[in-house]
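Working notes, structure below.
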Amino acid sequence: MRIATWNVNSLKARLPRVEEWVATVQPDVLCLQETKLTDAAFPGLSFQSLGYESAHHGQGQWNGVAVLSRVGLEDVVVGFDDGEEEDPEARLLWATCGGVRVASVYVPNGRALDHDHYRYKLAWLERLAGVLRDRSEPDAALAVCGDFNIAPDDRDVYDPADFVGATHVSEPERAALARLEAWGLVDVFRRHYDAGGLFSWWDYRAGNFHKGKGMRIDLILATAPLAARSTAILIDRNARKGKQPSDHAPVVWDVA
DNA sequence: ATGGTCGCGCAGCGA
């Protein structure tokens, strides 16, 4: 099974590129983030014509996550089903596809270490950890896929010196990610590669993609038994090239 | 080049 994740930075702006990419790469499951669409505007028919069922959780203008699947799509859960107050932002969607419990996540950016949005980011990650603890088992086939807005360690940024005091690399964010891993999730990419300089996001500005100045913030975190079935993973940086690219590249994972 | 780019939506914010 091929599972992919891609922050498309507006599905309206990106639909032609996403359709072309899906037809070429043929993922069985595709998690999307930052669709920036209402549910009514989600192009489900376009994906249906390519052979995919889909589920979308959006609000328009900002955020928005989806899961597409051609191996079944069941038990869709939108947001945190923990009985607490509803998340005001559309950042989480669960579905079961081909026997794998999949989450498409768009973790809050945080904006700055002293910003309310940073506290929201940390609380959001703790809430995700709580849902995993309360509603999942680490020996299940489960993958949390998406834009985590966290570079797990210094190999995952182009120059750590440029990120001192910034979000995405701060100790509390990395500790929150480590708590997800302590529950039982594995950063599948690091199961295959030790090297730094392998990024999934590059700022549109200042030719950063051309200069290789990026970060690896788009992750697939899988439970150990599912990660053990991993045969290959790559970041498709070709998808960051050409006309009207997203600022993120997709991550593509093959599971036996 | 004293700023560099997108997307949203029509000013300026968010990423």
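Here is how names work: the chains are called A, B, and so on, in the same order as the sequence lines, proteins then strands, and each is numbered from 1.
As rounded to whole Å, 17 Å separates atom P of B:dG7 from atom CD of A:Q33. Between the NZ atom of A:K211 and the C1' atom of B:dT5 there is a distance of 12 Å, rounded to whole Å. Here B:dC8 presents its P atom at 14 Å from CD of A:Q59, a figure rounded to the nearest Å.
A distance of about 22 Å separates the P atoms of B:dC6 and B:dA11, rounded to the whole Å. Distance check on atom C1': B:dG3 versus B:dC8 gives 22 Å, rounded to whole Å. Between the P atoms of B:dG4 and B:dG12, the separation comes to 15 Å (whole Å). Here, B:dA1 and B:dG7 have their C1' atoms 24 Å apart, quoted to the whole Å. Distance check on atom C1': B:dC10 versus B:dT2 gives 28 Å, rounded to whole Å.
Using cut-offs of 30° and 60° for the angle between ring planes, the A:F47 and A:F42 rings count as tilted.
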| said: Across nucleotides 9-15 of chain B, 5' to 3', mark each nucleotide with B, S or - according to how protein heavy atoms within less than 4.0 Å reach it. | reply: S----SB

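Aromatic pair A:W124/A:F80: centroids less than 6.0 angstrom apart. The aromatic ring centres of A:F209 and A:Y204 sit 6.0 Å or more apart.
Of the N and O atoms on the side chains of A:S246 and A:N9, not one donor lies less than 3.5 Å from an acceptor on the other residue.
A sub-4.0 Å separation between OP1 or OP2 of B:dC8 and a side-chain N or O of A:S10 is present.
Under 4.0 Å is where a charged nitrogen must lie from a carboxylate oxygen, and between A:R133 and A:D82 no such pair does.
The side-chain contact (heavy atoms from CB on, under 4.5 Å) test applied to A:L113 returns A:Y118, A:T167, A:S170, A:E173, not counting sequence neighbours.
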